[in-house]
Amino acid sequence: MAYEASELPDVSGLTVGIIGGTGDQGRGLAYRFARAGQRVLIGSRSAERAEQSAKEIAALSGVPAGAEVSGADNATVCAGSDVVVIAVPWDGHHDTVAALREPLVGKIVIDCVNPLGFDKQGPYALRVEEGSAVQQAAALLPESRVCAAFNHVSAPLLADPAIERIDLDVLICTEERELVGIVAALAARIPGMRGIYAGRLRNAHQVEAFTANLIAINKRYRAHAGIRVTDV
């Protein structure tokens, strides 16, 4: 399922919280959403670190004057957001998500975490008991609306103010078809991006694991590879 721009819902008024907003992926997504004019909240275990990250993002070129970017502790960010992106390292995923169950009740949660290991042979997918990172999140957040998306977006591209467009497709896995349109609309706020429905949560492990292939491609070709789905 792909959407034309005219079919997408208006998400410009939604507040987007980024848990892990002081890390590379989280900062990059926060910057791109802020650059698009979205209200963004940066979350961290340390409110001070989150506030500093928010100030740095607001100061980057391309962010509109007066754009609303602020930082706070994770629970405060979750409570104040309509959509929350989980962008934490895999080794802290379970505990971070579990601790936020209450403030995430009723929220749209986008998990972009990839469970990967690294050794001398390069990156590889890790086995997750629940099946995938997003399935783990869904199990921990039974009263939230959970999906996987933004797993394959290059952090350096997101963070580079000189790059106007990021031409790739965002694969969306979820049990709720309504979320596909909302997340696709958020992806479309970043020029060049398009959201594509990629199946239910049980298919997300393939999406997460493919990031290991992309990292290997990037290393071999010195690139920032993404994904484009043809014929949709």
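One hydrophobic cluster, built from ILVMFWY side chains closer than 4.5 Å, holds both Leu201 and Leu104. Linking Ile, Leu, Val, Met, Phe, Trp and Tyr residues whenever their side-chain heavy atoms come within less than 4.5 Å leaves Ile215 and Val153 in two separate clusters. A single hydrophobic cluster is seen to contain both Val69 and Val83, as judged by linkage of ILVMFWY side chains at heavy-atom distances under 4.5 Å, directly or through other members. Leu179 is not connected to Leu140 by any chain of hydrophobic side-chain contacts under 4.5 Å among Ile, Leu, Val, Met, Phe, Trp and Tyr, and they are in different clusters. Ile110 and Leu141 end up in different hydrophobic clusters when Ile, Leu, Val, Met, Phe, Trp and Tyr side chains are linked at under 4.5 Å.
Ile19 places none of its side-chain heavy atoms less than 4.5 Å from the side chain of Val97. By the 4.5 Å heavy-atom criterion applied to side chains, Ile18 and Leu41 are not counted as neighbours. In this structure, the side chains of Ile86 and Thr96 stay at 4.5 Å or more apart for every pair of heavy atoms. In this structure, the side chains of Tyr124 and Leu116 stay at 4.5 Å or more apart for every pair of heavy atoms. Within the 4.5 Å cutoff, no side-chain heavy atoms of Leu171 are placed close to those of Phe210. Side-chain contact between Glu208 and Val134: present, with at least one pair of heavy atoms (C-beta onward) separated by less than 4.5 Å. Contact of the Val16 side chain with the Asp82 side chain is not registered, since no non-hydrogen atoms from C-beta on lie closer than 4.5 Å. Thr211 is listed as a side-chain neighbour of His152, based on a closest heavy-atom distance under 4.5 Å.
Across Ala72 and Ala50, no two heavy atoms sit closer than the pair O-CB, 3.3 Å. Leu8 approaches Ala188 most closely through the heavy-atom pair CD1-CB, 3.8 Å. The minimum heavy-atom distance between Gly43 and Asn74, with the atom names listed, is C-OD1, 3.0 Å. Annotation for Cys147 and Val183: closest pair SG-CG2, 3.7 Å, computed over non-hydrogen atoms. Here the shortest heavy-atom pairing between Asn151 and Val113 reads ND2-O, 3.6 Å. Nearest heavy-atom pair across Ala216 and Pro123 is N-CG, 4.4 Å.
The closest donor-acceptor contact from the side chain of Ser144 to the backbone of Val146 lies at 3.5 Å or more, if one exists at all. Under the 3.5 Å distance criterion, the side-chain polar atoms of Asn218 are left unmatched by any main-chain donor or acceptor of Tyr221. Side-chain atoms of Asp169 come within 3.5 Å of backbone atoms of Val229 as a donor-acceptor pair (strictly under, hydrogens ignored). Distance alone, capped at 3.5 Å, places no donor-acceptor pair between the Asp111 side chain and the Ala148 backbone. Using a distance-only test at 3.5 Å, with no hydrogens or angles considered, no donor-acceptor pair links the side chain of Ser53 to the main chain of Arg49. Looking at Asp10, its side chain does come within 3.5 Å of a backbone N or O of Ser12 through a donor-acceptor pair.
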Check your understanding: Should Ile42 and Val77 be marked as a side chain to side chain contact (heavy atoms under 4.5 Å, CB included) after you check the CA-CA gap, both sets of side-chain angles, and the distance that decides it?
Key -> CA-CA 7 Å; Ile42 305 294; Val77 165; 6.0 Å; no

Exercise for review: List the steps and the verdict of side chain to side chain contact (heavy atoms under 4.5 Å, CB included) for Ile108 and Val84.
Suggested key: CA-CA 6 Å; Ile108 295 172; Val84 176; over 6 Å; no

Check your understanding: Stepwise, does the side-chain hydrogen bond (donor to acceptor under 3.5 Å, both in side chains) test hold for Ser132 with His205?
Key -> CA-CA 5 Å; Ser132 63; His205 70 98; over 6 Å; no

Review point. Which is it for Arg202 and Gln135 under the side-chain hydrogen bond (donor to acceptor under 3.5 Å, both in side chains) test, yes or no, and what are the steps along the way?
Key: CA-CA 7 Å; Arg202 68 182 184 182; Gln135 286 173 294; over 6 Å; no

Exercise for review: Could you walk me through whether Leu186 and Val170 pass the side chain to side chain contact (heavy atoms under 4.5 Å, CB included) test, one step at a time?
Suggested key: CA-CA 10 Å; Leu186 284 171; Val170 173; over 6 Å; no

Review point. Where do Trp90 and Leu126 land on the side chain to side chain contact (heavy atoms under 4.5 Å, CB included) test, with the steps shown first?
Key: CA-CA 10 Å; Trp90 167 242; Leu126 297 174; 3.7 Å; yes

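With sequence neighbours excluded, no residue forms a side-chain hydrogen bond (donor to acceptor under 3.5 Å, both in side chains) with Ser81. The salt bridge (charged side-chain N to carboxylate O under 4.0 Å, His left out) check on Arg32 picks up nothing, with sequence neighbours excluded. The side-chain contact (heavy atoms from CB on, under 4.5 Å) search around Ala155 returns Asp24, Gln25, not counting sequence neighbours. Looking at residues two or more places apart in sequence or on another chain, you find a side-chain hydrogen bond (donor to acceptor under 3.5 Å, both in side chains) between Arg39 and Thr15, Glu68. Qualifying salt bridge (charged side-chain N to carboxylate O under 4.0 Å, His left out) partners for Arg222, counting only residues two or more places apart in sequence or in other chains: none.
Salt bridge Lys107/Glu143: absent, no basic N to carboxylate O contact under 4.0 Å. The residues Glu175 and Arg145 are annotated as not salt-bridged, no charged nitrogen and carboxylate oxygen being separated by less than 4.0 angstrom. Look at Arg200 and Glu176 and you find no salt bridge, because none of the NZ, NE, NH1 or NH2 atoms lies under 4.0 Å from a carboxylate O. At a threshold of 4.0 Å, the pair Asp167-Arg228 counts as salt-bridged, since one of the basic side-chain nitrogens sits closer than that to a carboxylate oxygen.
Within a 6.0 Å radius of CZ in Arg45, other residues, nucleotides and ligands contribute 12 heavy atoms or fewer. For CD of Gln206, the number of neighbouring non-hydrogen atoms (other residues, nucleotides, ligands) closer than 6.0 Å is greater than 12. Taking a 6.0 Å sphere around CZ of Phe118, one finds it holds more than 12 heavy atoms contributed by other residues, nucleotides or ligands.
We find the OG-CD1 distance between Ser154 and Ile166 to be 7.5 Å, quoted to the nearest 0.5 Å.
Gln52 and Glu56 share a side-chain donor-acceptor pair at under 3.5 Å. Residues Arg35 and Tyr31 have side chains that bring a donor and an acceptor to within less than 3.5 angstrom of each other. Residues His93 and Gln136 bring a donor and an acceptor atom of their side chains to less than 3.5 Å of each other.
With Tyr197 as the aromatic partner, Arg177 meets the cation-pi criteria of under 6.0 angstrom to the ring centre and within 45 degrees of the ring axis.
Pairs passing the ring-ring contact (aromatic ring centres under 6.0 Å, His included) check and including a residue from residues 60-89, sequence neighbours excluded, do not occur.
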